[in-house]
2 protein chains.
Amino acid sequence: MEHNHNDILNRVRHEMPTDELLCDLSDLFKIFGDTTRLKIMYSLLEGELCVCAVAELLGMTQSAISHQLKILKDAKLVGNRRDGKTIYYFLLDEHVRDIVAEGFEHLLEER
Amino acid sequence: MEHNHNDILNRVRHEMPTDELLCDLSDLFKIFGDTTRLKIMYSLLEGELCVCAVAELLGMTQSAISHQLKILKDAKLVGNRRDGKTIYYFLLDEHVRDIVAEGFEHLLEER
DNA sequence: CGTTCATATGAATATCTATTCATATGTTAG
DNA sequence: CTAACATATGAATAGATATTCATATGAACG
């Protein structure tokens, strides 16, 4: 019993990712943990959009959207390209779709 | 061009989940957005553990772990059972594994 | 029943973060 | 070069949240 208990603890300790990896992982999920950013990512699922289009779409200020886009870009979840004065943002990673989908599945199962 | 733009906006508006669903989704990801909770979930991947075992494993106080376990339980990510004085926690949802795995894939691709 | 052990919980605090406001950067048109 | 427009960004603020501390609950055991 006691042996079994320590056995599990040792196995868990062994399988546990490094703190650095866990920080990276939680930082990634933090990004998905905000409705504004989720909405932005959803918007970009259909195709690239400029900052002002996203702002109009979500009914938020250009500044707020710009700040959030920077966070998404730093996380390499979105990229952008310039066309004259306007800057278009687009999703960089197919995993965005998958991560969100997994989240939904939990919500559905939860009822 | 202008037509095309509005076209996209309308499509996006149409595909956007309700605010309630987006809040539920961001609340779920918020839970994954914390290293302590990630560590707890990782620990429970191997099997059920009592509160004090988790606390010992993570080198944190019983109180801190208990607070976090409550959050995980409210989100229906873990369940618990009592055996005498000790209470064992376990993962409730296979999606935990999948969600974490998706997160990792993004990190790896990010290089 | 009273003590001990495992866990839960409320309040307080310190830290983090999303938005706002003001302003800066950078591009195009005239 | 200057005005107008799109976007970025720094500082400040308000709200959220993880941990701590003190204490409560609840079970087992003598």
Side-chain angles (χ1 to χ4, degrees), chain A residues 1-2 5 9 19 22-44 48-75 77-90, chain B residues 1-2 5 9 19 22-44 48-75 77-90:
Chain A
M1 198 59 164
E2 181 55 37
H5 176 258
L9 290 195
D19 267 25
L22 285 167
C23 276
D24 289 348
L25 200 54
S26 66
D27 284 346
L28 177 64
F29 286 123
K30 274 191 193 93
I31 292 179
F32 286 82
D34 176 83
T35 43
T36 298
R37 287 189 293 262
L38 278 182
K39 283 180 189 175
I40 293 176
M41 290 189 272
Y42 255 102
S43 307
L44 299 181
E48 65 178 15
L49 288 173
C50 66
V51 179
C52 68
V54 176
E56 186 196 333
L57 196 59
L58 306 193
M60 297 180 61
T61 63
Q62 172 269 318
S63 180
I65 299 300
S66 206
H67 276 292
Q68 295 308 323
L69 280 169
K70 176 168 173 41
I71 290 172
L72 291 170
K73 185 157 183 262
D74 288 347
L77 289 164
V78 307
N80 62 11
R81 70 178 180 89
R82 169 173 292 253
D83 179 18
K85 280 179 289 193
T86 68
I87 295 183
Y88 291 94
Y89 280 82
F90 45 87
Chain B
M1 198 61 163
E2 180 55 35
H5 176 257
L9 290 196
D19 268 25
L22 285 167
C23 276
D24 289 349
L25 201 53
S26 66
D27 284 346
L28 177 64
F29 286 124
K30 274 192 194 93
I31 292 179
F32 286 81
D34 176 85
T35 43
T36 299
R37 285 188 294 261
L38 278 181
K39 283 179 189 174
I40 292 176
M41 288 187 276
Y42 255 101
S43 306
L44 298 182
E48 66 177 14
L49 288 174
C50 66
V51 179
C52 68
V54 176
E56 186 196 333
L57 197 58
L58 306 192
M60 298 181 61
T61 63
Q62 172 267 319
S63 181
I65 299 300
S66 205
H67 277 292
Q68 295 307 325
L69 280 170
K70 174 166 174 44
I71 291 173
L72 291 170
K73 184 153 183 262
D74 288 347
L77 289 164
V78 306
N80 62 12
R81 70 178 180 87
R82 158 160 291 196
D83 179 18
K85 280 181 286 191
T86 69
I87 295 183
Y88 291 93
Y89 280 82
F90 45 86

Asker: How long is the gap from CD on B:Q68 to NZ on B:K73, to the nearest 0.5 Å?
Answerer: 15.0 Å
Asker: How many whole angstroms separate atom CG of A:L58 from atom P of C:dT19?
Answerer: 10 Å
Asker: Give, for atom CD1 of B:I65 and atom NZ of B:K39, the distance between the pair rounded to the nearest 0.5 Å.
Answerer: 9.0 Å
Asker: As a test of understanding, state which of B:I71, B:I40, B:L72 forms a side-chain contact (heavy atoms from CB on, under 4.5 Å) with B:V78.
Answerer: B:L72
Asker: Let me know the distance between CG of B:L38 and C1' of D:dA18, rounded to the nearest Å.
Answerer: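 It works out to 14 Å between those atoms.
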Asker: Any chance you could list the contact pattern along nucleotides 2-15 of chain C? Use B for base contacts, S for sugar-phosphate-only contacts and - for none, protein heavy atoms under 4.0 Å, 5' to 3'.
Answerer: ---BSBBBB-----
Asker: State which residues pass side chain to side chain contact (heavy atoms under 4.5 Å, CB included) with A:I87; sequence neighbours excluded, sorted by chain then number.
Answerer: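 Partners of A:I87 under the side chain to side chain contact (heavy atoms under 4.5 Å, CB included) test: A:N80, A:R82, A:Y89.
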Asker: Calculate, to the nearest 0.5 Å, the distance between atoms CG and CG belonging to B:L49 and A:L9 respectively.
Answerer: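 Rounded to the nearest 0.5 Å, the CG-CG separation comes to 6.5 Å.
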Asker: Is A:T36 close enough to C:dA18 that one of its side-chain N or O atoms is under 4.0 Å from OP1 or OP2 there?
Answerer: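 No, no such contact exists.
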Asker: Rounding to a whole Å, what distance do you find between B:K39:NZ and D:dA18:P?
Answerer: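 Rounding to the nearest Å, NZ of B:K39 and P of D:dA18 are 14 Å apart.
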Asker: For A:I65 and D:dA6, what is the distance between atoms CD1 and P respectively, to the nearest whole Å?
Answerer: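 Checked: the CD1 to P distance equals 16 Å.
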Asker: For the CD atom of A:E56 and the CD atom of A:Q62, what is their distance to the nearest 0.5 Å?
Answerer: 13.5 Å
Asker: Could you give the CG-to-P distance, from B:L22 to C:dA18, as a whole number of Å?
Answerer: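 Going from B:L22 (CG) to C:dA18 (P), I get 16 Å.
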Asker: Provide, to the nearest angstrom, the distance between the CD atom belonging to A:E56 and the P atom belonging to D:dC5.
Answerer: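 Going from A:E56 (CD) to D:dC5 (P), I get 16 Å.
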Asker: End-to-end bend of the helix from C:dC1-D:dG30 to C:dG30-D:dC1 (five-pair axes, 10° rounding)?
Answerer: 20°
Asker: So what does B:I71 hit on the nucleic acid, given a heavy-atom distance under 4.0 Å: a base, only sugar-phosphate, or nothing?
Answerer: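 Here B:I71 touches the backbone only, sparing every base.
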Asker: For B:K70, give me all partners under salt bridge (Lys or Arg N to Asp or Glu O under 4.0 Å), at least two apart in sequence or on another chain.
Answerer: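 By the salt bridge (Lys or Arg N to Asp or Glu O under 4.0 Å) rule, B:K70 matches B:D74.
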Asker: Can you measure B:Q68 atom CD to D:dT20 atom P for me and round it to whole angstrom units?
Answerer: 11 Å
Asker: Could you pull out all residues at least two apart from B:D83 that satisfy salt bridge (Lys or Arg N to Asp or Glu O under 4.0 Å)?
Answerer: none
Asker: Name every donor-acceptor pair, under 3.5 Å, that has one atom in a side chain of residues 24-36 of chain A and the other anywhere in the protein, sequence neighbours excluded.
Answerer:
| from | atom 1 | to | atom 2 | distance (Å) |
| --- | --- | --- | --- | --- |
| A:S26 | OG | A:L22 | O | 3.3 |
| A:S26 | OG | A:C23 | O | 3.1 |
| A:D27 | OD1 | A:K30 | NZ | 3.4 |
| A:D34 | OD2 | A:T36 | N | 3.0 |
| A:D34 | OD2 | A:R37 | N | 3.0 |

